[in-house]
Structure formats: structure tokens, C-alpha cells
*Asks:* 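Quick one: this structure, given as C-alpha cells, is what I'll be asking you about.
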Protein chains: 2
Amino acid sequence: MPRPRILPFIILGVLNKRGASTGKIVLDEFQNEISEFWTVAHSQLYPELQKMTDEGRVSIVPNQTNAKTVVYEITSIGKADLEAWLQEPVTEQNSALTSLKLYFVQERQAPELRAMIIADVKLHVEKLHHLQGRFTDLFSEADQIAGNYGHYLILTRAIERETNYVAWANGVLNDLDN
Amino acid sequence: MPRPRILPFIILGVLNKRGASTGKIVLDEFQNEISEFWTVAHSQLYPELQKMTDEGRVSIVPNQTNAKTVVYEITSIGKADLEAWLQEPVTEQNSALTSLKLYFVQERQAPELRAMIIADVKLHVEKLHHLQGRFTDLFSEADQIAGNYGHYLILTRAIERETNYVAWANGVLNDLDN
DNA sequence: GCTTCCATGTAAGTAGTTACATGATTGC
DNA sequence: GCAATCATGTAACTACTTACATGGAAGC
């Protein structure tokens, strides 16, 4: 069983967001806007676009002005695929994708938005509790820190990061209510 | 030119930190302590340990008590490799490895610690400025947010995350001075 | 028209994942 | 001793990276 693919959905998301675009434009969107979460080499992108054309998820737009560039647009099949992907439930396995999915939600009123964030917050709260438990186990005595300072650092960092995330997400949820 | 390998160094780091260990113990360390930053499947770990044995970076400790488990320890060659890896300069390319490297620094007084954090903070500050610039470009007017709410969200999240990281790291640097 | 870029394409190699397999050990 | 578990091993497949290649476009 192959591992779940992500790249095709990101391509679909970009094409859906930007409308018909050349491969180069998609590539730039990767590099400029979502390189925090996802990167791709052009040598992976171009063949993927070809494959997705064969699959009917994108189509090539005839392009007279420039014989070299290829313009792609998302098809109705592709739109359905994208929509289904966005609505897959957030799990521990795929939680890292939430930021990426958020990026493709354009409307503040989108119904899936609240659910995605709530599910994600739940997971991060669980992780936070787990990390806090680890901290208590490992570093409740001051002298336990001395010989494991690096471990102490990354554990405090992880706790800080999760705390900050949860606070941010709760702020967003509050904002959505107004 | 192959891409830089990370797995062998993490294995070396774990063996250096924990002393002679079985493959399973190394695997557990991955899953329990650094799964935030790095994961590995056992099917990748065991062959790697064999390969590193051939390379002389780890050695097999004779084990009479259990014919099944294999105990490995880091060799002097492996220790030198690990030390060199930890001291490689932090760059934009490998900045994500800093947390991982920190984990393997055991002593608060370790000379490389300050330098690693300072270099990393510098990169994160640059990234923060870049993100703030993007925000100004894209969302200085309130109505620009409405139709790109997902993008707005992940950009504010990224800014928040970098701000939080820089604050945390500066706190650590302060702490190191006392 | 010549050169320099640039968008796209291709190939080879490494990394990582899932699934399956094996033989020792442990619990009863 | 038998069953179940567990540490290790192997195989097949996909993802990703680097390097190299090509032919049109654009600048002069």
C-alpha cells in the first residue's frame, strides 16, 4: 500500500486558487508562499503535471502566444479530488498537513475551516500534555537538567511551541465567532 | 552529488548519549524522544546499523546473554564524525537540524551550544522579517484578507511561530550567561 | 543573427515507507 | 513444549534530489 500522496493535491490547490497557470507559476507559488510547509523540485513537478493530465485531474489550455510554456487548469474531477482531500479528517498522522490545507481555504466563512482547526487544536493539546508529562518525568529535579541540557532545551522548546500554537488557534476560533 | 545524510549522525548521537545499545533501544529513542524532529522505520534503521558497522563508525559488542539482539556502540571514528557534524555551520538549508543537534549536546557548558543557537536565531530573525514584509505586501488593507483567509491564517501563524522561537532562543542565551 | 536566459524535460541515484518474513525468547 | 510476542531482517515500491539536457524566447 503506497503512502498517501500530497504533491498532486497541492498542485490542485494552487491551480484552483490561481486559475490556469503554467508549471513555472505553480513552482513559484511553492517557493514564495508555502515553502514553509512544502517544497518541490521542478524535476518532480513537471512530470507530475503530465501524469495528472493523463489522469484527467488537470487539463492543458491551448496556448498560442508562447510555444514553450504549458498552461494547465484544474478540471471538475480535480476540483472534486481537492475538495475531498480538504475534508479528510485531521489525524495524528496527517496533522502537519493542516497548515497546508488552511492555505487553500479561501473564504473565512468556509464550513470546513472551523472543524479543521478544532480537530487540530485537540491533537496539539494532547501532544502538549504528553510533553508536559515527559518534562515532569525527566526534569522535575534541577540536577537532572545538568547532564542532559540539550534534551532539556528541545523539550522546553517543544512545550513552548505547542503552547503557542494552541493559543494562536484558539484566537482564530474566537475571531471566527465574531 | 548525493544529498547530505542525516540518519547515520542521529544514530551516532543516540549511541554516544546512551552508550552501547541494541537496535531496538535506538529505535525507541527515536520514537520517544525525537519523533518531533525525526522518525525512522526499523526497516531503514537495521540495515543502516549494518552499513555503519562495515564503515567502522559503530562496532558490535559481543553479547552472550541474548542470541537475538545485537548490541552496537560508537567507535572513535564515529565519535569524530558526530563531533564534526555537530560543528557544521548552521545555514538556511540545514537550519531545521538545529533542534536535532541540540538534543545531542549534553553539557550546558558545551562550547558549540552558544554558537549554534546564535546562528539559528540570526536565520529565524531574517525569516521573520521576510514574513513580515510579505504580510505588509499582501494584507495591509483589511479587504485583502477576506478572499484569501487561509493564506492570511498561515502567514500570521508563521509570523507568530518565528516570533515565539526567537523569544525562546534569546531566553536560552540569557540563561547561558548566568 | 547571435548569445544568453529560461521553462521544461529526463535520467540516475538515494531515502523512506509499507508489507512480509524469520527465528529467538518469553510466558504460561 | 506450545503460543504469542518481539527484535531483526528483506523486498518492493514510491518519493525526492541532484545533475544534465534541450529548444524556444528575449535582448541586443
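Everything quoted here is computed from the prediction, not taken from an experiment. The analysis underlying the following values was restricted to heavy atoms, covering all of them including side chains, and did not include hydrogens, waters or symmetry mates. In the text below, chain A, chain B and the rest are named by the order of the sequence lines, each starting its count at 1.
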*Asks:* Would you mind listing every salt bridge (Lys or Arg N to Asp or Glu O under 4.0 Å) that reaches into residues 50-61 of chain A, with sequence neighbours excluded?
*Replies:*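 For residues 50-61 of chain A: A:E55-A:R57, A:R57-A:D81.
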
*Asks:* Return each pair, listed once, that meets ring pair (Phe, Tyr, Trp, His ring centres under 6.0 Å) where at least one residue sits in residues 73-94 of chain B; pairs must be two or more places apart or across chains.
*Replies:*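 Qualifying pairs: B:F9-B:W85.
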
*Asks:* Could you check how far CZ of A:R5 sits from P of C:dT18, rounded to whole Å?
*Replies:*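 So the two atoms are 14 Å apart, to the nearest Å.
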
*Asks:* Can you give each donor-acceptor pair under 3.5 Å made by side-chain atoms of residues 104-118 of chain A, sequence neighbours left out, with the distance rounded to 0.1 Å?
*Replies:*
unit_1 : atom_1 : unit_2 : atom_2 : d
A:R108 : NH2    : A:D175 : O      : 2.7
A:R108 : NH2    : A:N178 : O      : 3.4
A:R114 : NH1    : A:D177 : OD1    : 2.7

*Asks:* Sort and list the pairs that fulfil salt bridge (Lys or Arg N to Asp or Glu O under 4.0 Å) and have at least one residue in residues 152-165 of chain A, not counting sequence neighbours.
*Replies:*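 Counting only pairs at least two positions apart or across chains, the salt bridge (Lys or Arg N to Asp or Glu O under 4.0 Å) contacts touching residues 152-165 of chain A are A:R161-B:E36.
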
*Asks:* Can you tell me which residue pairs pass the salt bridge (Lys or Arg N to Asp or Glu O under 4.0 Å) test with a partner in residues 126-142 of chain A, sequence neighbours excluded?
*Replies:*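 Of all non-adjacent pairs touching residues 126-142 of chain A, those that pass salt bridge (Lys or Arg N to Asp or Glu O under 4.0 Å) are A:K122-A:E126, A:R134-B:E33.
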
*Asks:* So which of residues 14-40 of chain A are in contact with DNA chain C, with a heavy-atom cut-off of under 4.0 Å?
*Replies:*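 Under 4.0 Å from DNA chain C: A:T22, A:G23, A:K24.
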
*Asks:* From CD1 of A:I11 over to C1' of C:dT8, roughly how many Å is that when rounded to an integer?
*Replies:*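 So the CD1-C1' distance, A:I11 to C:dT8, works out to 14 Å.
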
*Asks:* Just jot down the side-chain contact (heavy atoms from CB on, under 4.5 Å) partners of A:T53, sequence neighbours excluded, or say none.
*Replies:*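 Testing A:T53 for side-chain contact (heavy atoms from CB on, under 4.5 Å), a comparison that skips the adjacent residues, returns A:V58, A:I60, A:Y72.
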
*Asks:* Which heavy-atom pair separates B:M52 from B:P8 by the least distance, and what is that distance?
*Replies:*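 Minimum heavy-atom contact is CE-O, 3.4 Å.
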
*Asks:* Linking Ile, Leu, Val, Met, Phe, Trp and Tyr through side-chain heavy atoms less than 4.5 Å apart, which residues share a cluster with B:L123?
*Replies:*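 Cluster partners of B:L123: B:V90.
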
*Asks:* Could you identify which residues of residues 42-57 of chain A place a heavy atom less than 4.0 Å from some atom of DNA chain D, listed by residue number, or say none?
*Replies:*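 When residues 42-57 of chain A is checked for heavy atoms under 4.0 Å from DNA chain D, the hits, listed by number, are A:S43, A:Q44.
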
